[in-house]
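In what follows, a structure is listed as structure tokens, so that the remarks can point back to it.
Bear in mind the structure is a predicted one, so any value in this text is a computation, not a measurement.
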Amino acid sequence: MGEGEGGTSATLDRVALHSDVLGAFADATADYPRLLETIAARTAAVLGHFCALCLLSPDGLHLETVATCDPREGEGRSLAALAEEPLALAASPVLREALAAGESVLFAEPSAGELTRTLDEPLRSAARALDVGSVLVAPLRARQETYGVLLVVCRGALPPLAAEGRALADDLARHAALAIANARLLRALRLEIAERESRRIAELEVANRELESFSYSVSHDLRAPVRAIAGFALLLEEEHAKGLDAEGLRLLGVIRRSAQRMGMLTDDLLALSRTGRQAMKIEAVDMDALAREALDEARRAEPDREYDVRIAPLPPAAADRSLLEHVWRNLLANAVKYSRGRSPTVIEIGGETTDDETVYRVNDNGVGFDMRYADRLFKVFERLHTEPEFEGTGVGLALVDRIVRRHGGRVWAEGALGAGATFHFALPRAARAG
Amino acid sequence: MSGLPCEIVLVEDSDEDAELALRALKRQNLANGVHRLVDGAAALDFFFGDSTAPSRVPPRVVLLDLKLPKVSGLDVLRRLKSDERTRSVPVVVLTSSKEDRDLTEAYRLGANSYIVKPVEFANFAKAIETLGVYWMLVNEPPP
């Protein structure tokens with residue numbers, strides 16, 4: 001490697017080399033250990049001599065060798081020995097001197113020998129084995145801070161680094177220090193972000209559990225007064241109808257129906273809350289059987305209609321059976337409900353497996369829905385039809401969504417006004433409880 | 001056991017729920033033998049309080065709400081089922097809670113039956129009537 005005269009091409013070479021090395025440092029900033037190896041390796045390659053990168057310990061009392069590189073491989077062993085012991089600064093006044101100087105210090109003979117003599121064993125023997133001829137100690141300084149030193153060792157009878165080599169070494173040291181400073185900053189920032197994120201997640205989990213528990217208690221405690229309102233209003237109607245005129249009876253009817261509705265809402269909310277909280281038991285579930293049972297149940301509720309049902313054989317799923325029962329029940333009850341007025345009512349059920357999911361669908365030829373509002377379908381209490389048109393609490397699909405998502409799956413729906421709807425849900429093939 | 005002989009002991013803190021239950025029992029002509037208690041302490045007192053009285057005919061069934069002031073329904077159940085004198089009295093747990101924990105614990109303690117109080121009165125009435133008829137008329141009491 002040239003330590004001779006400069007000329008234009010030599011200068012350009014150096015510049016190219018320089019930017020190549022700096023590029024390598026920049027690339028490695030995000031990976032701290034790789035950066036340290038890169039610094040040692042590139043310095044050794046550029047200068048053609050053994051290089052060691054030593055960083056100050058957090059307490060500032062030791063220099064720990066973090067990376068070494070010998071441009072002639074195969075000499076690794078003795079050098080590695082040198083590398084493994086932290087050099088106590090106290091043991092090496094020369095190193096302290098170099099650090100304090102803030103610029104590189106060259107130890108040519110005989111001071112290199114002195115340097116070796118100041119080392120404790122086993123470093124002293126290792127340095128002797130290394131056959132240290134001269135050592136350039138370049139401090140790594142950036143932004144008012146010293147991070148450690150770069151050691152460049154010329155072995156045996158090789159001439160010590162001349163001016164150009166030293167300048168190059170100083171340059172490399174300066175940039176290495178900056179790269180180290182940046183890398184540490186990056187690492188600290190990442191750590192902080194990760195910590196904040198996990199704290200935030202923990203907080204959210206707690207808040208979520210509290211909300212679930214709250215919604216459960218509220219729904220639970222509301223049942224008793226709702227029961228009283230409904231019950232006593234009914235008793236009033238049954239036992240004192242004579243004392244009420246038509247208008248009085250009508251008002252009473254409103255009270256009863258409202259209490260009834262409130263009862264349904266609280267029961268549905270309780271069910272929703274329960275599905276969020278109960279433990280899941282994953283097993284092989286016969287989806288075919290579940291779907292058929294749910295369909296039969298739905299049809300029993302509205303028997304005097306003409307049904308045209310098409311069920312393709314359904315692949316089994318790895319899931320919690322009782323929770324999936326809720327899913328089928330809700331989807332099929334909806335299919336039957338919203339296709340009222342259609343004769344025949346056509347309901348199709350199908351399912352297929354892909355690489356990582358099993359996707360089921362329920363399709364009906366009912367009133368459908370406006371796709372513009374598709375994202376509201378699965379939210380709690382959101383409905384796309386009014387009470388007089390179709391009864392319901394707006395919790396059923398939220399339940400389906402909640403259950404499927406707990407399994408790690410997803411739900412979605414397609415529909416068109418007046419042209420029916422298709423509800424899909426996908427479950428991962430590998431069981432995943434959550 | 002103290003008090004008049006009675007056939008149904010209803011332990012229920014809510015006056016409204018108690019009234020609804022009584023009306024339902026009345027429909028089946030079972031209301032006369034009902035003795036109502038308002039909390040867990042009163043229940044324990046009723047069954048174990050007057051230990052010097054000659055033993056009376058135990059009730060045919062106890063309808064026990066779980067959520068009670070002073071002493072909880074589960075504690076009352078535990079006492080009833082662990083005491084020789086009352087162990088064989090059928091206890092039907094009536095409650096708002098379908099929570100698995102309560103269900104499991106009630107059965108573990110020896111509840112004979114567990115009914116979740118429905119919100120709809122018609123359903124509630126039907127449940128009470130059905131149990132009344134079952135325990136009073138269908139079931140064979142201990143000799």
Residues of residues 291-306 of chain A within contact distance of chain B, non-hydrogen under 4.5 Å = none
Over all atoms of both residues, closest heavy-atom pair of B:Leu20 and A:Ala228 | CD1-CA, 4.3 Å
Contact residues of residues 321-342 of chain A (partner chain B; heavy-atom separation under 4.5 angstrom) = none
Can you list every pair that meets salt bridge (charged side-chain N to carboxylate O under 4.0 Å, His left out) and has a residue in residues 126-143 of chain B, with sequence neighbours left out?
-> none
Anything in residues 234-241 of chain A with a heavy-atom distance to chain B below 4.5 Å? Please list those residues in order.
-> A:Leu234, A:Leu235, A:Glu238, A:Glu239
Okay, B:Lys67 and chain A: the region with an atom under 4.5 Å from a heavy atom over there is side chain
Could you tell me whether A:Phe214 atom CZ has more than 12 heavy atoms of other residues or ligands within 6.0 Å of it?
-> no
Looking at A:Arg223 and B:Ser96, what are the two nearest heavy atoms and their distance?
-> NH1-O, 3.3 Å
